[in-house]
Amino acid sequence: MTAATPTARPRRPSRRQVLFGVAVLVALIGWAVVTLDVLPERLLRLPGGLAHIFHGMYLEEGPEWEYLPDAIGGMLESLQIAWIGTIIGAVISLPMGLLGARNVTGGIGSNVMRQVLNAIRAVPEVLLAVIVFIPIVGIGGTSSAYAGTLAIGVHSVGTLGKLTAEVVEGIDPGPVEAARAAGGNGLQVQRWGVLPQVMPEVVAFWLYRFEINIRASAILGVVGAGGVGEALTQAMAFNRLPRAGIIIIVIIVATILIDTASGWLRRRIIEGAAARVGGEALEQPEIAEVRTA
Amino acid sequence: MTSAAPPAGVRPAKPRRSPWTTVALVGFAALTWWAASTEFGIGFDVVRIFENITRGADIIAEFFPPNWEYLPRTYGPMLETFRMAVIASVIGCGVALPISFLASRVTTPNLVAFLVDRSVLNVVRALPDLLYALVFVAAVGIGPLPGILALVLFNIGVVAKLLSETIDGVDPGPIEAANAAGANRTQMVRWSVLPQVLPNYVAYSLYVFELNIRASAVIGIVGAGGIGNLINTERRFFRYDNLMVILIEIFVFVFVIELISIWLRRKLV
Amino acid sequence: MIRFENASVTYPGGVPALKGLDLEIPDGQMMVIVGLSGAGKSTLIRAINGLVPLTAGDVLIDGMSVRRARPNELRELRSRIGMIFQTFNLVRRTSVLNNVLMGRLHGAGTLRSLVGAYRPEDVEIAMQALERVGIVEKAYVRASNLSGGQQQRVGIARALAQQPKIILADEPVASLDPPTSHVVMRDLQRINRDLGITTIVNLHFLDLAKVYGDRIIGMRAGELVYDGTAAQADEHVFRDIYGRSLTADDVMGDPTARPATIAG
């Protein structure tokens, strides 16, 4: 044997497309850097500025530990805003997500619902709070937190609704057909044919959204919509760096703790579901979000 | 056909519900009550939504019709937002790449390096973009620069988290093959891991780019440049018709980016 | 020559996979290992290139200890031992050529391989390896677009690109259909005969083992229970190795693809 088979070697395929793509990207970056009004000397101020802030927050007199109870109180309010906001989002997004799924509603109906969800999603929580809910419910007393909660709730409807619709579109059509064949009406089909299939993933999305909403609610105070952000904005505005320092520590610790707990819970839910459907791994919500974004 | 009952067998008892389900339900109810109550929580009240509903309708009505004559004045700030997003995405995604490899046990068996990287990443991810903007504005003054810096940190957090999880899940086969061929760690990562995660990396990069466009509408509120500056001005003057134009513009912008990113992803995967 | 000296592997948790194995494999031999799954076949193969570390004893390759090799020595050693896997272990999202070039990584240098600027000699070696398994026309095709049999040939080409002295094949045909299995086994046999590369193959199917092995060893519960020629290995021998009577699952049983012309 041996003489290697005399097939002709293929030519190396052209890389023109890749090169073109890279060229476009480089040009775009170059244009952005050159035309953007960022003075290099200001960039040079960055290390000094950051060092000054860090020094003021944690080194000079140390963080303002006496403010710790207030900071925790503010963070708890942020958590409450995030929790209630997520529940609002979950409750409203479930039917909207079902309606937005092509295999459930179909035709124009699902497309319209999809675009409604997209439009809601496009407006960030802070904007919703500042231009819609604060003007409506006002500021002060319980109103601030109320405005923040509604802002988070409405934005969550957009993101959760879209994810729910995507999950529903990926279900096995068999049980739906079976429910229909057994004479189930529309609602019954949803309840027994669709929901059992999607619930683990959807609940995991809710928890994941809660994690994101904590970050959002921690900053809603910047525009006066309740939570720990309010105190932080005040502290930064009046240059009370030690106080801002303790608030930031509280935000970091609380966020990481809840991320860990929620992540553990999500994995349990998803793994439990995966075990029931025979070991097939369900998708991580973050990754699913990117896929469907 | 007879109506005789089928042969009776032993019917199983209805299984008891797992105690964890009860714990979860009770915990959920307690948490919700705590958060919504007036004494301990935010005093959330469903009825109140309906009390405010007419005022809400009035305000929503003010968004219409959008003032299209305002559109040309948004082009400049919108372009600034676009440039900020480009620069922040490129830097953020670039920095996130090595951080992601350090944040996965698959590519970083060294426990110390892994834990340090993971901890830094968790702290970076714990803070929201607006808070970074607040700090950077204090450090370098207002303008697009603090906005870019805030977005860079935000992007590192998002991409490194997603990518390191993707790396955790790569097919270990090619890694074993590279090791069996005598490759060192760098070579193994370059030829066994990177090709597997590259399409995901591109998808995540496009995703944060899109997030940046939306985020820059917000961070402008604290003076970090872009379209958010304009939003901040218009809302102070209660020009909802102008705000509506900006919102529609952002929506269209994000929509177009989404179309491009879907097209690109289809080409890559 | 490969020499096992009292080689033992105990996995974490106390599961013994290899119990004090003594074995010699002369250069140029085509040796087939048979045994039930879990008998220690994969461990034996991976002990040779150190992918599974020994917990006692040693394996010597041309007198060099695998167990005492430092990390860079181990990589050097591995670069001279090609390996073929049951599930091919290709990077499916990249080209066939890039997969085969993985066999050149050790000599290429880190910086060069990082940017993919392989020397022309290395590309030439990779191309020749592809020609030897007859799929050079697929060089720039993505590995995921190939059939299972083609993918395994890419796996063989990757091992050949290392210009190895030894080839280890861990259940190379377990994921393939019977006719393709014979094609791949014939490729391995040809490489063994033409290039004189010592070839060690794990197989589950006894008939394949008898056709292609110069020498057959049987493993059972981490111990060597048979060592002889293919001709000597009759049904009784296999019954000893398997600890039970043979069933249809133990033979590939595809007479059409087993003509007498296979011999090199």
Side-chain angles (χ1 to χ4, degrees), chain B residues 94-102 104-113 162-206 264-269, chain C residues 42 45-46 48-52 71-95 98-116 118 142-144 151 154-155 158-164 166-168 170:
Chain B
V95 175
L97 192 61
I99 290 181
S100 309
F101 285 113
L102 279 175
S104 170
R105 284 314 293 279
V106 174
T107 43
T108 307
N110 183 325
L111 192 65
V112 177
L162 289 171
L163 192 59
S164 63
E165 272 168 14
T166 308
I167 294 170
D168 285 339
V170 295
D171 172 10
I175 296 174
E176 191 182 24
N179 288 337
N184 61 34
R185 172 127 47 246
T186 316
Q187 293 171 325
M188 180 275 281
V189 169
R190 169 65 183 85
W191 290 101
S192 293
V193 181
L194 189 66
Q196 291 194 57
V197 300
L198 203 56
N200 303 72
Y201 177 58
V202 172
Y204 303 152
S205 303
L206 290 164
L264 251 179
R265 259 183 271 167
R266 208 164 278 159
K267 276 203 81 124
L268 280 169
V269 179
Chain C
S42 282
I45 276 209
R46 282 173 169 74
I48 296 174
N49 62 1
L51 281 179
V52 170
N72 58 336
E73 288 171 342
L74 191 60
R75 282 200 293 274
E76 166 71 31
L77 187 72
R78 284 174 179 172
S79 75
R80 287 181 279 130
I81 305 175
M83 187 157 183
I84 296 159
F85 304 85
Q86 173 178 353
T87 50
F88 324 137
N89 287 2
L90 301 183
V91 181
R92 296 163 53 82
R93 272 173 171 166
T94 191
S95 69
N98 275 339
N99 271 293
V100 177
L101 280 168
M102 215 184 254
R104 301 304 305 163
L105 280 177
H106 182 79
T110 305
L111 202 63
R112 223 167 228 295
S113 58
L114 210 55
V115 292
Y118 290 99
R142 271 163 73 118
S144 56
Q151 289 195 29
V154 175
R158 177 176 60 196
L160 280 179
Q162 291 175 235
Q163 302 185 314
I166 302 165
I167 282 183
L168 310 172
D170 185 22

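A, B, ... follow the sequence lines: proteins, then strands. Residue 1 opens every chain.
- Ranked by heavy-atom pairs under 4.5 Å with chain C, the list B:Pro195, B:Ala180, B:Ser192 is led by B:Ala180.
- Here the side chains of B:Leu97 and B:Tyr201 are in contact, with some heavy-atom distance below 4.5 Å.
- The OG atom of B:Ser100 lies 10.5 Å from the CD atom of B:Glu165; values are rounded to the nearest 0.5 Å.
- Put simply, of C:Thr110, C:Leu74, C:Asn49, the one with the most heavy-atom pairs under 4.5 Å next to chain B is C:Thr110.
- One finds the CE atom of C:Met102 at 10.5 Å from the OG atom of C:Ser113 (value rounded to the nearest 0.5 Å).
- Contacts of C:Arg158 with chain B are made by side-chain atoms alone, with heavy-atom separations under 4.5 Å and no backbone atom involved.
- Chosen from C:Thr94, C:Leu51, C:Thr87, C:Asn72, the residue pairing most often with chain B at heavy-atom distances under 4.5 Å is C:Leu51.
- If you measure heavy-atom distances from C:Arg92 to chain B, you find no contacts under 4.5 Å at all.
- Pairing each heavy atom of C:Ile84 with each of C:Ile167, the nearest pair is CD1-CG2, 3.7 Å.
- Note that OH of C:Tyr118 is 6.5 Å distant from CG of C:Asn98, once rounded to the nearest 0.5 Å.
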